[in-house]
Amino acid sequence: MKKRFNSAEIQDAKSRVTALFQDLDAAKPGESAGALGPHVTGDFSWYGMHPFHEQAGPDAVAQRFWDPLKSSFTALQRRLDVFFAGHNEIDEWASTWVVSMGHLLGLFDLPWLGIAPTRKIGMLRFAEFHRVAKGKIVEAATFVDIPHLMIQAGCNPWPQATAQHLVQPGPQTHDGVMLQAQDMDEGDNTLSAINAMIKDLGTWQLGIPVEEELRRTWHEDMIWWGPAGIGASYTINRYAEQHAKPFRAGFSDRTRTNHRARLAEGHFGGFFGWPNFTARPTGGFMGMPASDAPGPFRVVDIYRRSGDKLAENWIFIDLLHYFACQGVDVLSEATAATP
């Protein structure tokens, strides 16, 4: 088994991913495969949100995702809010991952995925996990909040969000981009806080109030930066009211959490799953009718710890994929209805 913490390996992985960003961000439409190629393996695996799903090799990733995006958004730039790396707890520290989060910003000049352009600034929320081995990126997950962009373009598939739609800022502390090595103990403390929160999930089924559960691992003034369609909530009480309780009431038969990668560095950590869990929307969800059909939730969670508790949480959920599995093509229906 690999050592739990190898600072040189973590820093090398960061360098590889920042080099990829530099080349990819400079690439023009049609040049994305050439920018990806030197940094990834030939059998590079890529996981993207609906309608991209799984792609194999740099050419497929470029042709399916990056080149069309760059063709639609003029002067696309990457604006990082969080950047950290570490070894993966899920495989007993055997793999090394680099996590990034922020916005891709550009002028939305041409249609993308059927979404009508605005010729104004468009901000596409993103979170990425890159696995690095022997100096190359061997797999990546790229989560982008497509409904968030749809709302900016006047095409809102879920107008009755329980929380607040916002263009979301980065950490309150402005220290999420960690290019330099961090104290190992701080990362351990962050991962411990995340794991304690995960362990507490579901205690409401034992009669413990949601607010009481949350106070065990969250600060009172927590901020939950949820995906478009659900929105952001501030403080434990409003998060419980605006998301936790409605979400839990909407589902049954939720499976256990299944993460592909979970790691932390410094005061930041996070995970993603493919999927994280499945659940049945037997109580209805986001205005959609109840169903007995189980659906998969592909989710990213990124956290900031303050002291011994969690303070901020940024969430990406592939809601388009979830509803597609329920037989509802939200993207096509919403864009077709846009004037």
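Residue indices begin at 1 and follow the sequence shown.
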Heavy atoms from other residues, nucleotides or ligands near [atom1] of [X] exceed 12 (cutoff 6.0 Å):
X: Arg280; atom1: CZ; result: yes
X: Gln22; atom1: CD; result: no
X: Lys28; atom1: NZ; result: no
X: Tyr234; atom1: OH; result: no
X: Gln11; atom1: CD; result: yes
X: Gln77; atom1: CD; result: yes

Chi angles and distances behind the side-chain contact (heavy atoms from CB on, under 4.5 Å) call for Thr96, Arg131: CA-CA 6 Å; Thr96 304; Arg131 181 165 69 89; over 6 Å; no

Which heavy atom of [X] sits nearest to which heavy atom of [Y], and what is that distance?
X: Gly48; Y: Trp274; answer: O-CH2, 3.1 Å
X: Tyr239; Y: Ser233; answer: CA-CB, 3.7 Å
X: Ser291; Y: Gln326; answer: OG-OE1, 3.1 Å
X: Ala334; Y: Cys155; answer: O-SG, 3.3 Å
X: Pro38; Y: Arg16; answer: O-NH1, 3.9 Å
X: Phe5; Y: Ser7; answer: CE2-CB, 3.8 Å

Co-members of Met123 in a cluster of I, L, V, M, F, W and Y side chains, linked at under 4.5 Å: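 Traced through the cluster, Met123 reaches Leu105, Leu107, Ile121, Val167.
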
ILVMFWY clustering at 4.5 Å (side-chain atoms), partners of Leu110: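 Members besides Leu110: none; it forms no cluster.
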
What pairs with [X] under side chain to side chain donor-acceptor pair (under 3.5 Å), at least two apart in sequence or on another chain?
X: Ser306; result: none
X: Arg78; result: Asp25, Glu128
X: Thr282; result: Ser252

Between [X] and [Y], is the gap from one ring center to the other below 6.0 Å?
X: Phe251; Y: Phe297; answer: yes
X: Phe143; Y: Tyr47; answer: no
X: Phe323; Y: Trp158; answer: yes

Answer yes or no: is there a side-chain heavy-atom contact under 4.5 Å between [X] and [Y]?
X: Phe271; Y: Ile194; answer: yes
X: Glu9; Y: His87; answer: yes
X: Val17; Y: Ser100; answer: no
X: Met286; Y: Tyr322; answer: no
X: Gln182; Y: Met178; answer: yes
X: Ile115; Y: Leu149; answer: yes
X: Val138; Y: Ser45; answer: no
X: Arg254; Y: Arg248; answer: no

Sequence-distant partners of Val82, side chain to side chain contact (heavy atoms under 4.5 Å, CB included), two or more places apart: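 Partners of Val82 under the side chain to side chain contact (heavy atoms under 4.5 Å, CB included) test: Phe84, Met101, Pro171, Phe268, Ile302.
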
Non-neighbouring partners of Asn258 that pass side chain to side chain contact (heavy atoms under 4.5 Å, CB included), sequence neighbours left out: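 For Asn258 there are no side chain to side chain contact (heavy atoms under 4.5 Å, CB included) partners, ignoring immediate neighbours.
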
Starting at [atom1] of [X], measure out to [atom2] of [Y] and round the result to the nearest 0.5 Å.
X: Arg304; Y: His267; atom1: CZ; atom2: NE2; result: 9.0 Å
X: Thr335; Y: Glu333; atom1: OG1; atom2: CD; result: 9.0 Å
X: Arg215; Y: Lys309; atom1: CZ; atom2: NZ; result: 9.0 Å
X: Arg256; Y: Leu201; atom1: CZ; atom2: CG; result: 11.5 Å
X: Ile137; Y: Leu36; atom1: CD1; atom2: CG; result: 8.0 Å
X: Trp66; Y: Ser71; atom1: CH2; atom2: OG; result: 13.0 Å

Between Asn237 and Thr235, a side-chain donor and acceptor under 3.5 Å: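 No, no side-chain donor-acceptor pair sits under 3.5 Å.
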
Distance-only donor-acceptor check, side chains Asp23 and His39, under 3.5 Å: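 Side-chain D/A pair, Asp23 to His39: present.
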
Plane angle bin for His53 and His50 - parallel if under 30°, tilted between 30 and 60°, otherwise perpendicular: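 Answer is perpendicular, since the angle exceeds 60°.
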
Backbone of Pro296 reached by a side-chain donor or acceptor of Thr278 within 3.5 Å: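 Not at all, since once roles are kept as given, no pair shorter than 3.5 Å links the two residues.
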
Main-chain N/O of Gly266 paired with Thr190 side-chain donor or acceptor, under 3.5 Å: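 Pair found, side chain donor or acceptor close to backbone of Gly266.
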
Full working for side-chain contact (heavy atoms from CB on, under 4.5 Å) between Leu263 and Phe129: CA-CA 10 Å; Leu263 60 144; Phe129 283 66; 4.2 Å; yes

Asn195 vs Ile198, side-chain contact (heavy atoms from CB on, under 4.5 Å): CA-CA, chis, key distance, verdict: CA-CA 5 Å; Asn195 285 333; Ile198 294 171; 4.1 Å; yes

Contacts of type salt bridge (charged side-chain N to carboxylate O under 4.0 Å, His left out), residue Lys245, not counting sequence neighbours: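 Glu211.
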
Filter on salt bridge (charged side-chain N to carboxylate O under 4.0 Å, His left out), then keep only pairs touching [range], sequence neighbours left out; what's left?
range: residues 142-154; value: Arg125-Asp145
range: residues 61-75; value: none
range: residues 257-279; value: Lys14-Glu265, Glu89-Arg262, Glu139-Arg260

Under a single-linkage definition using a 4.5 Å side-chain heavy-atom cutoff for Ile, Leu, Val, Met, Phe, Trp and Tyr, are [X] and [Y] assigned to the same hydrophobic cluster?
X: Met49; Y: Leu69; value: no
X: Val99; Y: Phe83; value: no
X: Val330; Y: Leu319; value: yes

Derivation of the side-chain contact (heavy atoms from CB on, under 4.5 Å) call for Ile146 and Phe52: CA-CA 11 Å; Ile146 296 168; Phe52 305 107; 4.1 Å; yes

Tell me which donor-acceptor pairs under 3.5 Å the side chains of residues 221-231 have, and how far apart each pair is, sequence neighbours excluded?
unit_1, atom_1, unit_2, atom_2, d
Trp224, NE1, Asn313, OD1, 3.4
Trp225, NE1, Glu312, OE1, 3.0

